[in-house]
Structure formats: C-alpha cells, structure tokens
Amino acid sequence: MKTQGLSSQNVSGRAVLLIAKSAFAASPHLEMQRLAELAAGMTGAGTVRFAFTEQGTPSLREALSNLLDEDVETVVIVPLVLPMEPSFHIWLTKSLTRWKAADSRPWPALSVARDIASSTLMAQLLGELLETAEELDVPKTENPPVIEGSLVPAQKRRALVCQGGPCNAAGADVIWGHLRNQQERQKLRAAGDGTMTAKSTCLGPCSLAPVLQVFPEGTYYGGVTEDAIDRIIDEHLLGGRIVEDFAYHPTGRKQRLRTPSEQNNRREN
C-alpha cells in the first residue's frame, strides 16, 4: 500500500475522515468533532469529517456519500480504533467495493492510515496519560449494593446479527451499525410488534455471510446489505412478511449465496 502522509503539504482536494466504532450519546459526538477540528489544524486539510462504523451517525457510508458530492480528489480514512480487529481491512475493502459498485457518482481515490497502536508515538502517549492519573475515591460499605430490578422486554421480535469470523470478514459490523441506526431512527422497539436487536455468536450458515436471523419465525437472511436491512425492516419486522429475495430456508442440503440474477429470477417468479 502506498503511504500518503497526513502531514503532506499537498492537501488541495484531500479530505480526512476520522472513524470510530460507536457513539450512543452526544458526548462522544462532541469529542469526535473536537478531534476533527484538531486534525484540520494539524493537516491543513480543508475537509475533515468523522463517522462511525457501528452504531452512531453519520455512518461511514453516509459520510463517504456526502463527500462524493463535494470537490475532493482523495479521501484518507483514519481509524481511531483500539484494539484493531484483524479483519478490519478485509471488511473495509469489501464494504467500500460494494458501496462503490452501487453508486454511479465519480469516486475520489481512497487510502487508509495505519492503526493507532502502530504509531511510534504510542509509548510517549501512554507516558503522558500516566502523568494524568488521579486517585479514585471508592467508598467502603458494610452493606452490599442494592440489586435493581429489570423489566422483561415486551417486544415480540428479535433480530440477531451474526458476529462469527466469516460474517465479520464480510462486513457484519457495518450491517449491525446500519440496523442499530435504523432501529433508533424508526423507533423499532415500539413500532409494530416491537423489535429487539442483538449481536450473536455464529448462527451456522457461514457461507451465506453476513447472516441475520429474525425471530419468532427463525428466518435466516444471507448476503445482507444495508438495502437488504431496509427491506427486512419494512417488510418483515414491521409488515410481518418474509423477504424472500434474501431469505434462506432449511432444505437439508448445502446452499450458496444467490447471484443478483438468481435473485431477480426469484422476484419475477
């Protein structure tokens, strides 16, 4: 991979995109905004944005889509992630390839920076952080903490996103993030019969990665994309109708992912 230094003086037409995993509240968004402003001052890049690969907005796909409408020639993706998953570059490349194939707009050149832990400044950073350590005041109590009660979820539907090795390599984290973002936007916990979402260990049909399973029907969906998630939400989670274009049912025989033409044939029939 050809290295493009962030401190290069030639920053005309270059955008820097900082990415983190998740953000559930306003505070992490403000922190990412602060880091984006810091990066803009250090690099001189006219365009510095941030995005999230899992839950949080803007998603990586949304941020890249917005940049396509701007006059940028290159986009440098900077992962602010610790620890770095071994499959990171695999799913990132596959996701970018899929998004680019589905978008007819001209795309800028893309590059990705190395992970934070590989920086030669990591030892210095750890030393500086140690200097900021403050003693914690942890009170000692004779009584055990009161155990709070929990509500049993009223939602009738469950959507599980597989996090097994093949699914992660196929971009399951991106799919999970899109599902969680849509759950928040469409208030899926309260809409329809109510839906709870969760990550899962291996769901079984690894060759159909990334895999999602919807209960109570137990329907398996394979080769799931963001567009597939949108349809599964509209038609299955809210409408109660299985989306056969992406559904795979038990047959007693091994199955492989259907090609787009095979999906079209199923739709026509």
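Quick caveat, the model's predicted, so the values are computed rather than measured. Scope of the values below: all heavy atoms of this structure, side chains included, with no hydrogens, waters or symmetry mates.
In this structure, F215 and M196 have side chains that are not in contact, with every pair of non-hydrogen atoms separated by 4.5 Å or more. L17 is not listed as a side-chain neighbour of V78, based on a closest heavy-atom distance of 4.5 Å or more. Proximity of Y221 to I232: side-chain heavy atoms (C-beta onward) are separated by under 4.5 Å at one or more points. Side-chain contact between L35 and L18 is present, with heavy atoms from C-beta onward closer than 4.5 Å. Side-chain atoms of P58 and F50, non-hydrogen and from C-beta on, do get closer than 4.5 Å to each other. The shortest distance between side-chain heavy atoms of Q55 and N181 falls below 4.5 Å. In this structure the side chain of V211 never reaches within 4.5 angstrom of the side chain of S200, judged on heavy atoms. For the pair L68/W107, a side-chain contact is recorded, criterion being any heavy-atom separation below 4.5 Å from C-beta on.
The two residues D245 and R258 come nearest to each other via the heavy atoms O-NH2, 3.1 Å. Smallest separation of non-hydrogen atoms from L203 and P205: O-CD, 3.2 Å. Heavy atoms only, all atoms of each residue included: P210 and C167 are closest at CA-SG, 3.8 Å. Here the closest non-hydrogen pair linking C162 and C202 is SG-CA, 3.7 Å. For the residue pair S87 and A169, the shortest heavy atom distance occurs at CB-CA, 4.4 Å. The heavy-atom pair separating L257 from A209 by the smallest distance is CD1-O, 3.7 Å.
Annotation: cation-pi pair R180/F24 absent, no NZ/CZ under 6.0 Å from the ring centroid and within 45° of its normal.
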**OP:** In sequence, state the C-alpha distance, the side-chain angles, and the governing distance for L238 and I233, and then conclude on side-chain contact (heavy atoms from CB on, under 4.5 Å).
**Re:** CA-CA 6 Å; L238 297 178; I233 290 173; 4.1 Å; yes
Original post:
Would I175 and D173 satisfy side-chain contact (heavy atoms from CB on, under 4.5 Å), going step by step from the backbone distance to the final call?
Top reply: CA-CA 5 Å; I175 300 306; D173 280 345; over 6 Å; no
Original post:
Passes side-chain contact (heavy atoms from CB on, under 4.5 Å), V16 versus T47? Steps please.
Top reply: CA-CA 6 Å; V16 175; T47 303; over 6 Å; no
**OP:** Would you check, one step at a time, whether the test side-chain contact (heavy atoms from CB on, under 4.5 Å) holds for T74 with L110?
**Re:** CA-CA 6 Å; T74 63; L110 300 173; over 6 Å; no
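Residues meeting the salt bridge (charged side-chain N to carboxylate O under 4.0 Å, His left out) test with R98, sequence neighbours left out: E226. Partners of Y220 under the ring pair (Phe, Tyr, Trp, His ring centres under 6.0 Å) rule, at least two apart in sequence or in another chain, do not exist in this structure. Applying the ring pair (Phe, Tyr, Trp, His ring centres under 6.0 Å) criterion to W91, with sequence neighbours excluded, gives F88. Applying the side-chain hydrogen bond (donor to acceptor under 3.5 Å, both in side chains) test to T225 and every residue at least two apart in sequence or in another chain returns nothing. Looking at residues two or more places apart in sequence or on another chain, you find a side chain to side chain contact (heavy atoms under 4.5 Å, CB included) between R253 and T251. Applying the side-chain hydrogen bond (donor to acceptor under 3.5 Å, both in side chains) test to E135 and every residue at least two apart in sequence or in another chain returns nothing. For D69, the side-chain hydrogen bond (donor to acceptor under 3.5 Å, both in side chains) test picks out R105, with sequence neighbours left out. Take E62 and apply the side-chain hydrogen bond (donor to acceptor under 3.5 Å, both in side chains) test, not counting sequence neighbours, and it matches S59, R185.
Every pair passing salt bridge (Lys or Arg N to Asp or Glu O under 4.0 Å) that includes a residue from residues 81-96 is listed here, sequence neighbours excluded: K21-E85. Sorted by first and then second residue, the pairs that involve residues 147-168 and meet side-chain hydrogen bond (donor to acceptor under 3.5 Å, both in side chains), not counting sequence neighbours, are R157-E217. Identified under the salt bridge (Lys or Arg N to Asp or Glu O under 4.0 Å) test for residues 29-58, with sequence neighbours left out: E31-R34, R49-E70, E54-K199.
The OG1 atom of T197 lies 11.5 Å from the CD atom of Q182; values are rounded to the nearest 0.5 Å. Summarising the geometry, atom NZ belonging to K254 is positioned 7.5 Å from atom OG belonging to S207; distances are rounded to the nearest 0.5 Å. Rounding to the nearest 0.5 Å gives a distance of 10.0 Å between CG of L64 and CG of D103. Note that CZ of R241 is 9.0 Å distant from CG of D234, once rounded to the nearest 0.5 Å. We find the CD1-OG1 distance between I19 and T53 to be 6.0 Å, quoted to the nearest 0.5 Å.
Two different hydrophobic clusters hold I90 and L208 under the rule that ILVMFWY side chains link at heavy-atom gaps under 4.5 Å. Taking hydrophobic clusters as Ile, Leu, Val, Met, Phe, Trp and Tyr residues chained together by side-chain heavy-atom distances below 4.5 Å, V81 does not share a cluster with L96.
For CD of E184, the number of neighbouring non-hydrogen atoms (other residues, nucleotides, ligands) closer than 6.0 Å is 12 at most. Other residues, nucleotides and ligands contribute more than 12 heavy atoms inside 6.0 Å of the CG atom of D193.
Neither side chain, Q183 nor H178, offers a donor N or O lying under 3.5 Å from an acceptor on the other.
Using a distance-only test at 3.5 Å, with no hydrogens or angles considered, a donor-acceptor pair links the side chain of T93 to the main chain of H89.
A distance of 6.0 Å or more separates the ring centres of F246 and H236.
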Under 3.5 Å donor-acceptor pairs involving side-chain atoms of residues 119-131, not counting sequence neighbours:
unit_1	atom_1	unit_2	atom_2	d
S119	OG	L121	N	3.0
Q124	NE2	E128	OE2	3.3

